[in-house]
Enquirer: 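Structure incoming, see below.
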Amino acid sequence: MELSRQRSFLSPEPGDDWDAIARRILPGDSPGDAVAKLKSWNLHLFARNPPGAFTGSDVVFVEAPLEDGGSMLKLPSEGEGG
């Protein structure tokens with residue numbers, strides 16, 4: 001069985017914040033745009049208190065969700081057997 005491509009991610013380094021990760025991962029974007037992209041790809045990090053704080057075991061996605069859904073189960077589309 002072939003594994004599908006997964007979204008790229010990183011674990012934060014000590015002292016990392018949104019700005020530091022944005023500068024490292026998206027250097028070609030303006031700082032505000034880069035941070036906004038990262039936050040939109042990592043909504044799970046706002047479910048904690050305090051929101052947006054990182055731990056060393058966090059998964060911080062550094063790209064948008066994959067078009068094909070990555071490893072998500074694909075349901076048959078209309079007209080396909082299944």
Side-chain angles (χ1 to χ4, degrees):
M1 179 165 121
E2 186 177 327
L3 297 177
S4 61
R5 180 181 167 300
Q6 301 300 300
R7 285 171 73 185
S8 297
F9 67 92
L10 60 78
S11 294
E13 297 175 7
D16 267 351
D17 59 10
W18 288 112
D19 291 327
I21 294 172
R23 282 192 306 273
R24 193 164 65 242
I25 300 302
L26 301 167
D29 290 7
S30 73
D33 288 345
V35 169
K37 283 181 186 178
L38 286 172
K39 287 182 176 181
S40 73
W41 301 334
N42 291 284
L43 297 176
H44 62 285
L45 296 175
F46 292 98
R48 64 166 54 123
N49 193 7
F54 295 119
T55 67
S57 62
D58 281 336
V59 170
V60 180
F61 293 108
V62 295
E63 67 177 341
L66 301 175
E67 291 282 327
D68 67 2
S71 63
M72 296 179 70
L73 175 65
K74 291 186 180 182
L75 300 175
S77 57
E78 191 172 322
E80 290 183 14

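Note: hydrogens, waters and symmetry copies are ignored here, and every other heavy atom, side chains too, is used. Treat the numbers as computed from the prediction; the structure is a model and nothing was measured. Along the sequence shown, residues carry numbers from 1.
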Enquirer: Kindly say whether Glu13 contributes a backbone atom to a donor-acceptor pair with the side chain of Asp16 at under 3.5 angstrom?
Expert: yes
Enquirer: Heavy atoms only: give me the nearest Val62-Leu38 pair and the separation to one decimal.
Expert: CA-CD2, 4.2 Å
Enquirer: Can you name the closest pair of heavy atoms from Ala22 and Ala34 and give their distance?
Expert: CB-CB, 3.6 Å
Enquirer: Just by distance, do the side chain of Asp17 and the backbone of Asp19 share a donor-acceptor pair under 3.5 Å?
Expert: yes
Enquirer: So Leu45 and Trp18, do their side chains get closer than 4.5 Å, heavy atoms only?
Expert: yes
Enquirer: Name the one of Asn42, Leu26, Leu10, Val35 that satisfies side chain to side chain contact (heavy atoms under 4.5 Å, CB included) with Ile21?
Expert: Leu10
Enquirer: If only side-chain N and O atoms count, and only distance matters, is there a donor-acceptor pair under 3.5 Å linking Glu2 with Ser4?
Expert: no
Enquirer: Could you report the tightest heavy-atom contact between Trp41 and Phe61, atom names first, then the distance?
Expert: O-CD1, 3.7 Å
Enquirer: Would you give the length of the straight line joining atom CG of Asp29 to atom NZ of Lys37, rounded to the nearest 0.5 angstrom?
Expert: 3.5 Å
Enquirer: Using modelled atom types only, decide if a donor and an acceptor are shared between the side chain of Arg7 and the backbone of Glu63 within a distance under 3.5 Å.
Expert: yes
